[in-house]
Every structure is written in structure tokens, then in C-alpha cells.
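Worksheet: one structure, shown below.
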2 protein chains.
Amino acid sequence: LIMDKINFILSDNRDLNGLSVMVTAGPTTEPIDPVRYITNRSSGKMGYAVADAAARRGARVVLISGPVALNPPPGVEVINVETANEMYSAVMDRFSMVDSVIMSAAVADYKPKITANQKIKKHESTLTIELEKNPDILAQLGKMKERQVLIGFAAETEELVNNAMIKVERKNLDMLVANDVTLPGAGFGTDTNIAKLVFPSGRIVSLPKMDKLSLANHILDELVILRKGKE
Amino acid sequence: LIMDKINFILSDNRDLNGLSVMVTAGPTTEPIDPVRYITNRSSGKMGYAVADAAARRGARVVLISGPVALNPPPGVEVINVETANEMYSAVMDRFSMVDSVIMSAAVADYKPKITANQKIKKHESTLTIELEKNPDILAQLGKMKERQVLIGFAAETEELVNNAMIKVERKNLDMLVANDVTLPGAGFGTDTNIAKLVFPSGRIVSLPKMDKLSLANHILDELVILRKGKE
């Protein structure tokens, strides 16, 4: 904890000066009709903390945000989106202009095949919703990336490290922040996380429980190292 | 607008002294798995405004709230719930102890038949979710009510008055607040509403666009009259 405080104070050294960072945050919402929608548990706090910390450390930051109840961090350009397709477009528009991408949004994997124009009336005792896959933004960036550092997030409920290693490789990530959301103090909407940082080399950094701003700074410390490896 | 202000100032007359009011607010969330859920668009602002105004006017208020990003109104007992079934239980537990019920929550009509214990992996390009009906809390209260005044809310996207009249009759309501969410200034998350108050007699009060606290006070003005009719 003392290290975290020192870390945070040291962050005034603006060691991200000159970097251009894109951060995604929050859930996406996938409408069933004008009233109902499918979404993911995500407060957006983690992504907002990363964007805030990156800006404080001197980076130029664009934050692509799903619907959340948070104030925009000072000095950060915020672009608000609702659906995964909107997030996809916003991210793709800006990808070539940034050198670092931190994808903390909980993008919905599936969306309803059909969105009704009018509120569906509840005449039937059961209802079946056909879903189809949304674009996998992170995997797409992994295919496109050239000089960029690409960092993903994963909320897992089982086999954390195993699932994380598979994702790092399959999506061509430079780092994955894996969060076991079943642990106390690591779940959705909490102010703390218990994360493991997983790298393609097989290196794994297991962090203790810490607040999201401290975790954001740990992630950005690794980003500094990863960026140096690309130069 | 001036009338609204006067209305609000006059509300200091504590004309709801001695009344015991239950208010529901916000959406409910219906889990698909630990990460994904189905929900309804609802900020909870309307119900919180009703609870706040009722308490200011002297009522004893219990607010059964789905997940929202709002501060509890002063002097109101708040009970937090997530699913429609939890809201059903919380409402039923307290129904016999109150004389007025204002159901502004956007309760999900349907919930997934099966909630997965682990996060569903996105191996398949499509996914089908089977939904079944949640209990209709408002209709159930309509069947049970004795001396209580029962007020419902409806968000409609078409045939507002027709749908509202059907609901008032079928659910045995004393009043329905019908909101055309397709109108500008009346949609979800806005700070204003454009409401029609629909009564079983066929009386309809069409209100202009107004902020939610003003609408809350109009509703409570009608509650005072409706309660007198029950004595």
C-alpha cells in the first residue's frame, strides 16, 4: 500500500509524455427493443482510472466509453458510445493515430439478431431471443497492430490463468489484465481489483488487492516497459 | 412552470402526514450468467423524485429500488434489490403495512429460464436465450388490494392512451402514469417527463413537459384525492 502511494506520487514524473493512449471503458448495451436490452456488468471505474492516470502521467488520452455513471477525467477526450458496433467504429477510427491501446470495456459478445422498433408486448409466457456475435474488437486490433502496444482485460470466473494465456496468444496481445471476479474485493462495481498481469512470454505478475487507480498505475508502469520494447 | 414552483413550495404543507407510501424505482437486472444480464432502460429518477416528494410532504416512505446511480432521498427507508423476484418479495413483505403504492420501477417482464453459474464462453456464432415471464407485481397487488391506493407507471412507444386504459382495468389500478418515451424530453434518463394520468373512470389528465419532481408532486396531489375516496 505504501508502495502504491509512492507509485502514485512518482506518477507526477509525467513518464508517459509523448504517448498517445486509447482507453475503452464501461459496458455496451445491445437493444432488444426500445425499452429492453442486454448488457454486461461493468461500472467503467477501471477504464476511467486508467484514462485518468495516463493523462496525469503526461499521455494524450482518448477514452471510448459505454454508458456509465462517472464524470469524465480531466484532460481526457471522451467519446460516448452505446453498442458494441458503435464502440468498434470509434476504436477503428482512431487506432492508426495512437501508440497504445488499453481495452478495459466489457463489450457485449452477443447482440440480438433483431431489434424491435416498438416495445415487445408481453403476451407470451415465454420468449426466445436469437443472438449473434458482435465483432471482437480486441482480436481485430491484434490482427491490425503494427507498432502499437495492445493491452486487454478479462473478467474470469474459472481457470483464470489458463483462459488468460489462451487469450493473450489468440488475440496477439502484449499484456492481459485478468481479474477473478469471484474473489471478494474483485467483483463488478467494487472499488478494488485483484489482478494478474499475463504476458505472451509466460510471465505472470500477481498483484494483491488494490484500488483501481493503483492498479491503473501498475498497468501504465508495464506500458512504459512494453513501449520501450517496440522502439 | 411558475405553477410547478408554487406547487413545490406549497408541498411544505405536509399534506401526506400520516400516510404510509411504498415506492418502487429503477430497473431490475435478470442474469444470464455472472457477467451478462438483461435489463430495462430506467435511471430510477422518477421513483426517487416521488419518494423524495412524498417524504417532504410528510408521508412515511419505503423505497424498493433496483440498481441505480442515485443517492437515497433524505428521510426515506431504501431497500435495494436486483431481480424482479427480489423486488416481488420486498414489495409483498410490506404491502399490508402501507396505504399507498406507487410502482414506478421498470421491472423486467422476462428473465432467462436458466442462469449459468459460470461465464458462458463465446464459442458459438449464435446463441439462443430462452426467457420466461417474471411475476407481474402490479397485477398481483391489484388482486390483493383492499384499502390501498395503487398507482402504476407505463412507458409506451405507441397507442399510449389505449394501452394505458387497458392496463388500468386489467390490473385494477387507481391511476396509471403513462409516459410516451418516444417524445423529445420524455425518454429514458431525461430529467423531464410528458405524462398522462389515466383513471379507471376514463378521466385523463394530460400534463405538459415538466421536471420529474414537479410530476411527482402532481401525482401526489392526485394521491391525496384518491386516498380521500377510500375513507
Side-chain angles (χ1 to χ4, degrees), chain A residues 27-44 67-71 82 106-113 116-134 136 139 154-160 163 166-167 179-182 187-189, chain B residues 27-44 67-71 82 106-113 116-134 136 139 154-160 163 166-167 179-182 187-189:
Chain A
T28 65
T29 57
E30 309 298 330
I32 298 168
D33 66 20
V35 177
R36 302 172 179 92
Y37 60 95
I38 296 176
T39 189
N40 284 353
R41 293 188 196 279
S42 172
S43 65
V68 298
L70 298 172
N71 294 320
E82 295 196 343
V107 180
D109 302 322
Y110 293 94
K111 69 170 196 289
K113 271 188 189 169
N117 287 326
Q118 302 291 348
K119 185 176 171 184
I120 298 166
K121 290 287 160 191
K122 49 181 176 179
H123 299 306
E124 307 300 328
S125 67
T126 61
L127 187 68
T128 301
I129 301 180
E130 301 282 340
L131 305 178
E132 61 188 12
K133 262 202 182 168
N134 272 319
D136 186 331
E156 298 288 351
T157 55
E158 56 183 344
E159 293 189 71
L160 181 90
N163 283 331
I166 291 168
K167 270 183 198 167
N179 195 19
D180 185 342
V181 293
T182 64
F188 302 103
Chain B
T28 64
T29 57
E30 309 298 330
I32 297 168
D33 67 20
V35 176
R36 301 172 179 93
Y37 60 96
I38 296 174
T39 188
N40 284 355
R41 292 188 196 279
S42 171
S43 65
V68 297
L70 298 172
N71 294 320
E82 295 197 342
V107 180
D109 302 323
Y110 293 94
K111 70 169 196 288
K113 271 188 188 168
N117 287 326
Q118 303 291 348
K119 185 177 172 185
I120 298 167
K121 290 287 160 191
K122 49 181 175 179
H123 299 306
E124 307 300 328
S125 68
T126 62
L127 187 68
T128 301
I129 301 180
E130 301 282 341
L131 305 179
E132 62 188 12
K133 263 202 180 167
N134 271 320
D136 186 331
E156 298 288 351
T157 56
E158 56 183 342
E159 293 191 69
L160 180 91
N163 282 332
I166 291 168
K167 269 183 200 168
N179 195 19
D180 185 341
V181 292
T182 66
F188 302 103

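Hydrogens, waters and symmetry mates are skipped; everything else that's a heavy atom, side chains included, is used. Owing to the predicted nature of the structure, the values given are computational and were not obtained by experimental measurement. In what follows, every chain begins at residue 1, and chains take the letters A, B, ... in the order their sequences are listed.
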Top of B:Thr126, B:Thr29, B:Leu127 for chain A proximity - count of heavy-atom pairs under 4.5 angstrom = B:Leu127
ask   = Highest number of heavy-atom pairs under 4.5 Å with chain B: which of A:Asp136, A:Asn117, A:Asn40?
value = A:Asn40
key: Portion of B:Thr39 that has a non-hydrogen atom of chain A nearer than 4.5 angstrom   = both
request  = Among A:Pro31, A:Pro67, A:Pro34, find the residue that satisfies the side-chain contact (heavy atoms from CB on, under 4.5 Å) test when tested with B:Arg41.
outcome  = A:Pro31
request  = Sort out for me which of B:Glu132, B:Glu30, B:Lys113, B:Glu124 touches chain A most, counting heavy-atom pairs under 4.5 Å.
outcome  = B:Glu124
A:Thr128 portion near chain B, given a 4.5 angstrom heavy-atom threshold = both
request  = State, yes or no, whether a side-chain contact exists between A:Pro27 and A:Val68 at a heavy-atom distance under 4.5 Å.
outcome  = yes
Residue selection (most heavy-atom pairs with chain B, distance under 4.5 Å) from A:Asn163, A:Ile38, A:Ile129 = A:Ile129
inquiry  = Within this structure, what is the OG1-CD distance for the pair A:Thr28 and A:Glu82, rounded to the nearest 0.5 Å?
reply    = 10.0 Å
Chain A contact via B:Tyr37 - side chain, backbone, both or neither, heavy atoms under 4.5 Å = both
